[in-house]
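Proteins come first, then strands; the chains are lettered A, B, ... in the order of their sequence lines, and each starts at number 1. Only a predicted model underlies this, so the values are computations on that prediction, with no experimental measurement involved.
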Number of protein chains: 2
Amino acid sequence: MPDQRIDLPQGSLDLLILKTLALEQQHGWAISERIQQISSNVLQVQQGSLYPALHRLERRGWIKAQWGVSENNRRAKYYALTRTGRKKLEADTEAWRKLSAAVAQVLDAV
Amino acid sequence: MPDQRIDLPQGSLDLLILKTLALEQQHGWAISERIQQISSNVLQVQQGSLYPALHRLERRGWIKAQWGVSENNRRAKYYALTRTGRKKLEADTEAWRKLSAAVAQVLDAV
DNA sequence: ATCTGATAGATCGTGCAACGATACATTACC
DNA sequence: GGTAATGTATCGTTGCACGATCTATCAGAT
């Protein structure tokens, strides 16, 4: 399968990260891999986007960090959702579904 | 129905405009109304986004303009898709569907 | 012992697009 | 004559995704 990657539209990265962390707390590198994997290589998170996004989310209180050691025995920063982060995830998910449905409506218009 | 509007993610506006013009050639103001209407008031195109987008699309050759008179007897600039614009619309539609499906995959992940 | 690749985190500058505010002109209607 | 609706347009701000680049450590191969 040729993986034709797509630029993430502004704002969608936060949502993807939050959702990934809702499944399981994880470090940045793994989050990126996870998103790519679940989306069948369609979504690829660049490192130049990933780390600023994580810092942004932490600064806003949606996630919190904690240093640890990865499965590969490397120093890694583990992120977990906060309570407000979970709220944020729900709201953003809802907003995305709404947007997605609305755009689909326009695209399918006759 | 309370219309809770959503900020358009970067890039989606071009797609919406192109699609609207594929239905029927139209002037800017009407394009904006159309999108809003078809999407049940979810998508609202700001004028500060609309006109720059139209100029952008014209500059890139996806659409072409022609002055005319609106149904309300006002001076209006009518836009129509060009052939390359139609190609662009197809490609962007495909890309959006792909993205949308990929994000949905992540959001629905267990 | 050294080299290489994978893993992990981070920053910086650039580019681009959506937004809010604002401006202006014309038509229709009161 | 005043006001609302219609229609086009620009400007400055903001925010984010991206590519390039840097650092560090560990595992395995040479």
Side-chain angles (χ1 to χ4, degrees), chain A residues 5-18 20 25-37 42-60 62-63 65-79 92 95-96 99 102-103, chain B residues 5-18 20 25-37 42-60 62-63 65-79 92 95-96 99 102-103:
Chain A
R5 63 165 277 281
I6 299 178
D7 269 21
L8 294 173
Q10 220 167 284
S12 58
L13 179 55
D14 287 11
L15 173 58
L16 294 171
I17 292 177
L18 291 177
T20 304
Q25 81 160 13
Q26 221 134 17
H27 55 92
W29 185 268
I31 293 172
S32 159
E33 271 190 329
R34 262 268 177 138
I35 293 175
Q36 181 168 343
Q37 177 194 352
V42 175
L43 307 176
Q44 288 181 31
V45 182
Q46 310 304 317
Q47 301 186 32
S49 314
L50 176 65
Y51 294 107
L54 289 171
H55 299 158
R56 191 166 65 231
L57 293 171
E58 190 180 13
R59 221 168 40 236
R60 294 181 185 169
W62 315 129
I63 64 179
Q66 184 183 357
W67 284 103
V69 176
S70 77
E71 325 81 65
N72 296 312
N73 195 30
R74 271 180 191 75
R75 182 173 151 278
K77 205 189 259 183
Y78 282 83
Y79 290 95
D92 281 8
W96 172 267
L99 168 76
V103 172
Chain B
R5 62 164 278 281
I6 298 178
D7 269 21
L8 294 173
Q10 216 167 289
S12 59
L13 179 55
D14 288 11
L15 174 58
L16 295 171
I17 292 177
L18 291 177
T20 304
Q25 81 160 13
Q26 221 135 17
H27 54 91
W29 185 269
I31 293 172
S32 159
E33 270 190 329
R34 262 268 178 140
I35 293 176
Q36 183 168 342
Q37 177 194 353
V42 174
L43 307 176
Q44 288 181 31
V45 182
Q46 311 303 316
Q47 302 186 30
S49 314
L50 175 66
Y51 293 106
L54 289 172
H55 298 158
R56 193 166 63 231
L57 293 171
E58 190 181 12
R59 223 169 38 239
R60 295 181 185 168
W62 315 129
I63 63 179
Q66 184 183 357
W67 283 103
V69 177
S70 77
E71 325 81 65
N72 296 312
N73 194 29
R74 270 179 191 75
R75 182 172 153 277
K77 205 189 259 183
Y78 281 83
Y79 290 95
D92 281 9
W96 173 267
L99 169 76
V103 173

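Two residues are said to be in side-chain contact when any heavy atoms from C-beta on lie closer than 4.5 Å; A/Leu16 and A/Leu8 meet this criterion. Residues A/His27 and A/Glu71 form a side-chain contact, since some pair of their non-hydrogen atoms from C-beta on lies under 4.5 Å apart. A 4.5 Å side-chain heavy-atom check between A/Ile31 and A/Leu54 finds at least one atom pair inside the cut-off.
Within 4.0 Å of B/Gly28, counting heavy atoms only, lie sugar-phosphate atoms of the nucleic acid but no base atom.
Summarising the geometry, the separation between CG on A/Asp14 and P on D/dC16 is reported as 7 Å, rounded to the nearest angstrom. The CZ-P distance, from B/Arg59 to C/dC16, rounds to 10 Å in whole Å. Summarising the geometry, the separation between CG on A/Asp7 and C1' on C/dC16 is reported as 11 Å, rounded to the nearest angstrom. If you measure from atom CD of A/Glu71 to atom P of C/dA6, you get 17 Å, rounded to the nearest angstrom. Atom CD in A/Gln36 sits roughly 16 Å away from atom P in D/dA17 (whole-Å rounding). For the pair A/Trp67 CH2 and C/dG9 C1', the interatomic distance rounds to 6 Å; values are reported in whole Å. With rounding to whole Å, B/Gln44 atom CD is found 14 Å from C/dA18 atom C1'. In this entry the distance linking CG of A/Leu15 with C1' of D/dA17 reads 15 Å, nearest Å.
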Produce the list of close N/O pairs, under 3.5 Å, pairing protein atoms with atoms of nucleotides 22-26 of chain C; give distances to one decimal.
residue, atom, partner, partner atom, Å
C/dT26, O2, B/Arg74, NE, 3.3

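When distances are taken from the side chain of B/Pro52 to each of C/dA8, D/dT10, D/dT8, the shortest belongs to D/dT10. Out of C/dG9, D/dC18, D/dT8, the shortest distance to the side chain of A/Tyr51 is found at C/dG9. Checking C/dA8, D/dT6, D/dA17 against every side-chain atom of A/Leu8, the shortest atom distance belongs to D/dA17. Side-chain proximity of B/Arg56 to the nucleotides C/dA8, D/dA17, C/dA17 is greatest for C/dA17.
Comparing B/Glu33 and A/Asn72 by the nucleotide of DNA chain D whose heavy atom lies nearest to each, the residue mapping closer to the 5' end is B/Glu33.
Not one side-chain nitrogen or oxygen of A/Ser70 sits closer than 4.0 Å to the OP1 or OP2 atom of C/dT7. In terms of phosphate contacts, B/Gln10 brings no side-chain nitrogen or oxygen within less than 4.0 Å of OP1 or OP2 of C/dA18. For C/dA17, the OP1/OP2 oxygens have a side-chain nitrogen or oxygen of B/Arg60 closer than 4.0 Å. Taking side-chain N and O atoms only, B/His55 has a distance below 4.0 Å to OP1 or OP2 of D/dT10.
Qualifying salt bridge (Lys or Arg N to Asp or Glu O under 4.0 Å) partners for A/Arg60, counting only residues two or more places apart in sequence or in other chains: none.
For the pair B/Tyr79 (side chain) and B/Leu18 (backbone), a donor-acceptor distance under 3.5 Å is absent.
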